[in-house]
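Being a predicted model, the structure only gives us computed values, none of them experimental.
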Amino acid sequence: MQYFKTITALFCFCIVIISAFAQNDTLVLSPVNNTVLKQYSLRKMCVDKKGKLWFTTDKGLLCYDGNDIKLFEHKDGDSTTLTTNSQGRLHLSDDGNIYLFEVGATDYINTTTGKVTPLPIQIKDEYKSKAAFPYPFTQPFIDDDNSFWAGMYNVGFIHYSLKTKTTNFYPLHDSLPSQSNSVFVIQRDKTHKNILWLASDNGIY
């Protein structure tokens, strides 16, 4: 009888251990049943330091704090609103503000005031037919000299100066086909600040 009790106790202990490990491998999905969010096509998302969710959509930029939703959209005659409502990629800067990258329009939005500053980045005509839609730009790299770098699908990458408002385009190689000219990630070398690493379809530069 003692032997049987020992086996039973060990069996129960093993069941508890197995259940504990099984729970660690279980994903619990909790949908947010918000009727307003369901009216939009949510494309890209970021989370700010206050826990607010920001979404680019087909109808503007959404901010969701868990309860309320605020929509930022283009308004005719108001230059402090979005340049276009069809939004693509977004990037949250260290100061808590957001860069928005779309085809033919790039905006900088102050998340405190809600005011938008358009950045005059215009895609060259020769690149427009090659640029991807609605995400012409890949992950941007915000530099520490009042400028940023941004990879592009099919046409290389750019450097934009916030100070001089000038844009420089850099294809990886003029003889490469479009699909080999995509730059997906730009990062600064941790040791040499004058070196940037580019990850592309054609290897690392």
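Looking at residues two or more places apart in sequence or on another chain, you find a side chain to side chain donor-acceptor pair (under 3.5 Å) between Asp143 and Trp149, Arg188. By the side chain to side chain donor-acceptor pair (under 3.5 Å) test, Ser41 pairs with no residue at all, sequence neighbours left out. Remark: Ser79 pairs with no residue by the side chain to side chain contact (heavy atoms under 4.5 Å, CB included) rule, at least two apart or across chains. For Thr81, the side chain to side chain contact (heavy atoms under 4.5 Å, CB included) partners at least two apart in sequence or on another chain are His74, Lys75, Asp78. Listed by chain and residue number, Leu162, Lys163 satisfy the side chain to side chain contact (heavy atoms under 4.5 Å, CB included) test with Asn146 (two or more places apart in sequence, or in another chain). Considering only residues two or more places apart in sequence or on other chains, Thr111 meets the side chain to side chain donor-acceptor pair (under 3.5 Å) condition with Asn97. Considering only residues two or more places apart in sequence or on other chains, Ser30 meets the side chain to side chain donor-acceptor pair (under 3.5 Å) condition with none of them. For Phe148, the ring pair (Phe, Tyr, Trp, His ring centres under 6.0 Å) partners at least two apart in sequence or on another chain are Tyr99, Phe101, Tyr160. His91 meets the ring pair (Phe, Tyr, Trp, His ring centres under 6.0 Å) test with no other residue; sequence neighbours excluded. Residues passing the side chain to side chain contact (heavy atoms under 4.5 Å, CB included) test with Asp68 are Asp65, sequence neighbours excluded.
Val183 and Leu196 fall within a single hydrophobic cluster, where Ile, Leu, Val, Met, Phe, Trp and Tyr are joined by side-chain heavy atoms under 4.5 Å apart, directly or via other members. If you chain together hydrophobic residues whose side chains sit under 4.5 Å apart, Val116 and Ile98 fall into the same group. Criterion: ILVMFWY side-chain heavy atoms under 4.5 Å apart, direct or through other members. Under it, Leu62 and Met45 are part of a common hydrophobic cluster. Hydrophobic cluster membership differs between Leu71 and Leu100, with clusters built from Ile, Leu, Val, Met, Phe, Trp and Tyr side chains linked at under 4.5 angstrom. Both Ile142 and Tyr108 are part of a single hydrophobic cluster, where members link through side-chain heavy atoms under 4.5 Å apart.
Closest non-hydrogen pair, Thr191 versus Asp189, comes out as N-OD1, 2.8 Å. Nearest heavy atoms, Lys165 versus Pro120: CB-CG, 4.2 Å. A pairwise comparison of heavy atoms in Ala150 and Phe137 identifies CB-CD2, 3.8 Å as the closest pair. The minimum heavy-atom distance linking Ser161 with Ser147 is given by the pair CA-CB, 3.9 Å.
The distance from the CG atom of Asp107 to the OG1 atom of Thr83 is 3.5 Å, given to the nearest 0.5 Å. Separation of atoms CG (Asn85) and OG1 (Thr57) is listed at 7.5 Å; rounding is to 0.5 Å. Distance check, rounded to the nearest 0.5 Å: OG1 of Thr106 to CD1 of Ile121 gives 4.0 Å. Atoms CG and SG, on Asp48 and Cys63 in that order, are 6.5 Å from each other to the nearest 0.5 Å. Atom CD of residue Gln87 and atom CG of residue Leu42 lie 13.0 Å apart, to the nearest 0.5 angstrom. With rounding to the nearest 0.5 angstrom, the CE atom of Met152 is 9.0 Å from the OG1 atom of Thr138.
Here the side chains of Phe184 and Asp201 are in contact, with some heavy-atom distance below 4.5 Å. Residues Tyr64 and Val32 are in side-chain contact: their nearest non-hydrogen atoms beyond the backbone lie under 4.5 Å apart. Using a 4.5 Å heavy-atom cutoff, the side chains of Leu90 and Thr56 are in contact. A heavy-atom distance below 4.5 Å is found between the side chains of Val47 and Leu53. Within the 4.5 Å cutoff, the side chain of Asn168 has heavy atoms near those of the Tyr170 side chain. Residues Gln187 and Val185 form a side-chain contact, since some pair of their non-hydrogen atoms from C-beta on lies under 4.5 Å apart.
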>> What verdict does the side-chain contact (heavy atoms from CB on, under 4.5 Å) test give for Ile109 and Thr117, after you've listed the backbone C-alpha separation in whole Å, the side-chain angles of each residue and the deciding distance to 0.1 Å?
In response: CA-CA 6 Å; Ile109 180 169; Thr117 302; over 6 Å; no
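Side chain of Asn154 to main chain of Asn181: no donor-acceptor pair is present (N/O by atom type, distance under 3.5 Å, no hydrogens or angles).
With no hydrogens or angles considered, no side-chain donor-acceptor pair links Thr167 and His159 at under 3.5 Å. The closest side-chain donor-acceptor pair between Tyr205 and Asn202 falls under 3.5 angstrom. Side-chain contact of Asp58 with Ser86: a donor-acceptor pair under 3.5 Å is absent, judged by distance alone.
Annotation: ring-ring contact (aromatic ring centres under 6.0 Å, His included) contacts involving residues 35-59, sequence neighbours excluded, comprise Trp54-Phe72.
Hydrophobic cluster membership of Ile195, counting Ile, Leu, Val, Met, Phe, Trp and Tyr whose side-chain heavy atoms lie under 4.5 Å apart directly or via other members: Trp197, Ile204.
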